[in-house]
Amino acid sequence: MTILNGKQIAAEIRSELKTRIDALRSQGKRAPKLGIVIVGHNPASETYVTNKIKACSEVGIDAVKIAFEDTISEKELLEEVAKLNADTTIDGFIVQLPLPSHIDEQVITSAIDYRKDVDGLTPENVGRAAKGLPCIVSATPRGIRELLHRYQITTDGKHIVVIGRSNIVGKPMASLLMQKHAQGNATVTLCHSHTGHLKDICRTADIIIVAAGHPNLLTADMVRDGATVIDVGITRVEDKTTEKGYRLCGDVNFDEVAPKCAYITPVPGGVGPMTIVSLLQNTLQAYGYSK
Ligand code: NAD
């Protein structure tokens with residue numbers, strides 16, 4: 001069994017990105033710039049934003065945090081999105097989710113110019129991904145595809161079960177893997193909370209990608225010997241023995257599933273770092289569009 005070291009692969013990709021961005025600068029070009037919109041004071045969101053800004057600075061991407069109180073209206077936030085769309089100094093931007101309940105996430109994310117949509121959430125990018133056209137791919141699926149690729153785990157001809165149908169992970173992941181492409185060509189089954197016989201379906205999978213936000217959902221009896229398991233889940237579980245008072249829990253019962261696997265990702269240190277580095281790759285891609 002091999003543990004897929006997302007932390008290490010992400011560090012390698014950051015180093016590659018830094019080399020590319022240093023080269024741009026030495027040619028007298030400006031650095032890529034990412035905007036990060038955050039509304040309110042959700043502690044998990046604050047942590048994600050801090051980590052994203054830190055990752056940007058490590059590779060030489062300028063990052064700007066654009067913070068609003070949670071009293072901002074949907075209309076006002078739409079106006080801010082329009083300003084960012086028009087801002088020629090910003091190559092790409094994200095709106096950190098979740099948003100307060102009085103703001104419709106679909107309305108806001110759909111208003112982003114798709115060339116600046118570095119989270120790959122606009123209907124244009126989702127549609128282009130589904131058609132197999134060039135587009136900005138949502139960061140977590142992009143990171144998972146890259147992690148599989150760098151460990152030479154092929155998807156061609158494999159049966160891949162994706163658990164979870166969110167717009168940010170499950171659906172774009174399934175869409176990518178079914179494409180007629182060297183890093184696709186898989187037979188994909190998309191499972192969700194209304195799926196019957198989840199265990200039986202998972203037992204036929206060569207690769208299982210679980211993004212349900214349900215700690216320990218995937219147990220050993222659901223995994224066939226030699227499978228690859230990718231754990232996207234991140235849930236904060238109270239743990240008074242830790243300094244922070246919580247620990248991060250994946251969707252896989254790692255201790256019992258890992259011995260059956262050929263490859264498995266840990267939580268933390270698996271998919272999470274790959275998601276952040278993919279956002280950096282997407283920003284560089286958007287920088288290319290803005291030239
Ligand atoms: P979500 O919370 O929007 O939706 C969860 C999905 O899982 C739904 O489609 C639901 O139908 C499905 N689901 C829930 N319980 C299930 C069950 N018992 N059986 C089958 N399907 C079930 O999903 P999300 O935003 O994709 O997040 C999923 C998890 O991944 C969360 O823990 C989130 O924190 C984490 N996440 C991690 C990263 C990362 O970089 N590692 C990125 C995004 C999300």
Side-chain angles (χ1 to χ4, degrees), residues 3-7 9-10 13-14 36 42-52 54-55 94-99 101 104-106 109 118-121 126 137-148 160-177 188-203 205 208-219 221-223 229-238 246-254 257 264-282:
I3 294 180
L4 300 174
N5 191 338
K7 199 173 167 187
I9 300 290
I13 297 171
R14 279 200 303 278
I36 304 179
N42 176 321
S45 294
E46 298 266 16
T47 305
Y48 290 138
V49 169
T50 303
N51 291 343
K52 287 169 185 174
K54 183 166 167 271
I94 61 165
V95 177
Q96 184 67 43
L97 302 178
L99 289 171
S101 56
D104 187 334
E105 290 179 1
Q106 295 288 356
T109 54
V118 286
D119 259 344
L121 290 176
V126 173
V137 173
S138 185
T140 303
R142 179 175 181 159
I144 292 170
R145 186 179 62 176
E146 186 74 24
L147 188 63
L148 293 171
I160 303 184
V161 170
V162 178
I163 305 177
R165 58 177 164 183
S166 71
N167 289 325
I168 199 154
V169 186
K171 278 193 259 181
M173 188 79 252
S175 176
L176 269 189
L177 291 168
V188 181
T189 304
L190 183 64
C191 300
H192 47 75
S193 51
H194 289 243
T195 299
H197 312 291
L198 183 64
K199 176 175 155 183
D200 295 335
I201 295 168
C202 287
R203 285 181 65 85
I208 302 173
I209 300 172
V210 52
H214 191 307
N216 297 323
L217 172 67
L218 197 79
T219 48
D221 58 339
M222 299 168 79
V223 179
V229 170
I230 307 293
D231 189 353
V232 184
I234 304 177
T235 305
R236 287 185 177 195
V237 176
E238 189 181 301
Y246 67 86
R247 66 192 154 81
L248 297 181
C249 221
D251 288 348
V252 177
N253 186 328
F254 186 89
V257 170
I264 187 167
T265 58
V267 175
V271 173
M274 294 303 298
T275 294
I276 295 190
V277 84
S278 299
L279 174 67
L280 307 182
Q281 290 176 303
N282 283 349

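No hydrogens, no waters, no symmetry mates; every other heavy atom, side chains included, goes into these values. All ligand and atom numbering here is 1-based and tracks the order in the structure. One-based numbering along the sequence shown.
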Nearest non-hydrogen atom to [atom] belongs to which of [options]?
atom: atom 4 (O) of ligand 1; options: Pro98, Gly170, Gly213, Ser166; answer: Ser166
atom: atom 33 (C) of ligand 1; options: Asp231, Thr195, Ile234; answer: Ile234
atom: atom 5 (C) of ligand 1; options: Gly164, Ser193, Ala212; answer: Ala212

Are any of the side-chain heavy atoms of [X] and [Y] separated by less than 4.5 Å?
X: Thr195; Y: Leu190; answer: no
X: Val252; Y: Ile264; answer: yes
X: Leu217; Y: Ile163; answer: yes
X: Arg247; Y: Arg236; answer: no
X: Leu198; Y: Cys202; answer: yes

Nearest non-hydrogen protein atom, [atom]:
atom: atom 40 (O) of ligand 1; answer: Thr275 OG1, 2.7 Å
atom: atom 42 (C) of ligand 1; answer: Thr140 OG1, 3.3 Å
atom: atom 8 (C) of ligand 1; answer: Arg165 N, 4.0 Å
atom: atom 44 (C) of ligand 1; answer: Val169 CG2, 4.0 Å
atom: atom 25 (O) of ligand 1; answer: Ile168 CG2, 3.7 Å
atom: atom 19 (N) of ligand 1; answer: Leu198 CD2, 3.9 Å

I need the contact type for [X] against ligand 1. Using non-hydrogen atoms and a strict under-4.0 Å cut-off, is it side chain, backbone, both or neither?
X: Ile276; result: neither
X: His192; result: both
X: Val232; result: both

Quiz item: If you measure from CZ on Arg145 to CE on Met274, what distance do you get to the nearest 0.5 Å?
Solution: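 Between Arg145 CZ and Met274 CE, I get 10.5 Å after rounding to 0.5 Å.
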Quiz item: Is the backbone N or O of Lys171 less than 3.5 Å from a side-chain atom of Ser175, with the two atoms forming a donor-acceptor pair by type?
Solution: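 Judged by distance alone, no pair lies under 3.5 Å.
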Test item, [X] contacting ligand 1 (heavy atom, 4.0 angstrom):
X: Ala211; answer: yes
X: Leu217; answer: yes
X: Cys191; answer: no

Exercise. Could you say whether the N/O atoms of Asp251 and ligand 1 ever approach to under 3.5 Å?
Key: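 Looking only at distances, the answer is no, because the N/O contact criterion of under 3.5 Å is not met.
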Quiz prompt | Numbering as shown, the atoms of ligand 1 that approach Val271 to under 4.0 Å (heavy-atom distance) | solution =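 Those atoms are 41 (N).
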